[in-house]
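One structure is given below, encoded as structure tokens.
We use all heavy atoms of the structure for the numbers below, so side chains are in, but hydrogens, waters and symmetry mates are not. As the structure lists them, so they are numbered: ligands from 1, and atoms in each ligand from 1.
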Amino acid sequence: MIKFEQTFMNFLLHHQEKYNRTYHFLILMDAVISAAKHIQQYYLTGALKGNWGLAGEVNVQGEEVMRMDQIAHEIVIHYLKTTERVIHAVSEEAEEIIPLDVDKGRYFFYFDPLDGSANVSHGLPVGFLFGIARRNLDGPEDGHLRAGKDFIVAGMFVIPTGTFTLALKEAGSWRFHIDETMNYVKPIRMQLPDDTKSWELSFNEANKYTFTERVQNWIAENENKYAFRYLGALAGDFHRLLSNGGMFMYPAIINHPNPKKNRPQGKLRLMYEAAVVSFMCREAGGHAVDETGTPILDIKPAKQHQRTALYVGSKPLIEDITRVLRG
Ligand code: FBP
């Protein structure tokens, strides 16, 4: 007997019908899925085709660009253009905002085409992260950069594992699995577990003594209570956190022995990294704050590549660290 699973598109069609939404969003999500599959294929064959190396360029963040970063960016922009539904896009790999269908577009698309660059040259898990906001339909649209709370959807593909998690505003975080026909199927609703037995802490241990004293003290008091896991790619670490609970954090770095490596504003990018996982975490019953204890989703971006410190995960832990951060 063949076991058939619900497909992603069938799930989305019913969601759109249930909330009386339009077909425009389906066209955009179809393009996102196509882009993710294309990136996955390039990544899987990357070693053979020599695409796992450096591109020989430095991006707007001052970081060396991986060839795969460029390939993934190009693929996403191609598929977004085919939709004629996107006003503009913000990409980690492009310095400026990318105008697409400015007049008749309906959505803003913020993305990190290949998160976890440090893992690329080893073929280890990386991610394609995105957040989508809709234009103002009730009046003039000024194209301002949207805060996470204005997202209608945020999602993440963990490549090359073939898993895809999508959060829909007030409709939950859902995980899909790739099947033998390369279709995403079998939606499972993700809810952070209340049972602390499976909870984990995830951060770059090598940076521990560069964090603020408050955060170092919190870690000293709590690190023996939970398992410790760190992949070094936000997508992979957050993917696991959604199942096991706990907290992922990339705090401000204020006391690094090499002052050039200090990151008082945090390392991760607000619009297409922190806000994306924070939106998905909220829809799975969690929460997320920055170094001041401010909810990540409330932060209005002043610049498209703005950085932030990030504490994301199970509500009791985030409330506990927020108490410490607010002092
Ligand atoms: P990019 O690779 O897209 O720049 O993302 C940043 C990132 O790699 C995150 O995925 C990850 O959580 C973090 O940086 C790892 O940083 P570090 O190597 O300093 O621990």
Polar side chain donor-acceptor pair, R175 to T165, under 3.5 angstrom:
yes
Enumerate the atoms of ligand 1 whose separation from the nearest heavy atom of S117 is less than 4.0 angstrom.
1 (P), 2 (O)
More than 12 heavy atoms of other residues, nucleotides or ligands under 6.0 Å from NZ of K261: yes or no?
no
Nearest-neighbour protein heavy atom for atom 14 (O) of ligand 1, which is reported as residue plus atom name and distance
K267 NZ, 3.0 Å
Looking at ligand 1, would A233 count as a contact under a 4.0 Å heavy-atom criterion?
yes
Y184/F11 aromatic ring centres below 6.0 Å
no
Atom 4 (O) of ligand 1: which protein heavy atom is closest, and how many Å away?
R269 NH2, 2.8 Å
Check: A235 N/O within less than 3.5 Å of ligand 1 N/O
no
Using the rule that Ile, Leu, Val, Met, Phe, Trp and Tyr join whenever any side-chain heavy atoms are under 4.5 Å apart, tell me whether F130 and L168 fall into a single cluster.
yes
Which residue and heavy atom of the protein sit nearest atom 8 (O) of ligand 1, plus the separation:
G116 CA, 3.6 Å
Proximity to ligand 1 by part of R263, non-hydrogen separation under 4.0 Å
neither
Which segment of D237 sits under 4.0 Å of ligand 1 when only heavy atoms are counted:
neither
Based purely on interatomic distance, does N207 place a nitrogen or oxygen under 3.5 Å from a nitrogen or oxygen of ligand 1?
no
On a heavy-atom basis, which atom in Y110 and which in H88 lie closest, and how many Å separate them?
CE2-NE2, 4.3 Å
The protein heavy atom nearest to atom 19 (O) of ligand 1 is Y250 OH, 2.6 Å
Residue E141 excluded, over 12 heavy atoms near CD under 6.0 Å:
yes
Side chain, backbone, both or neither: the part of N204 lying under 4.0 Å from ligand 1 by heavy atom:
side chain
Ligand 1 atoms in contact with G232 (distance to a heavy atom under 4.0 Å):
8 (O), 11 (C), 15 (C)
Non-hydrogen atoms of F203 versus ligand 1: any pair closer than 4.0 Å?
no
Around F228, counting heavy atoms of other residues, nucleotides and ligands shown, do more than 12 lie under 6.0 Å from its CZ?
yes
Over 12 foreign heavy atoms within 6.0 Å of NZ, K186:
no
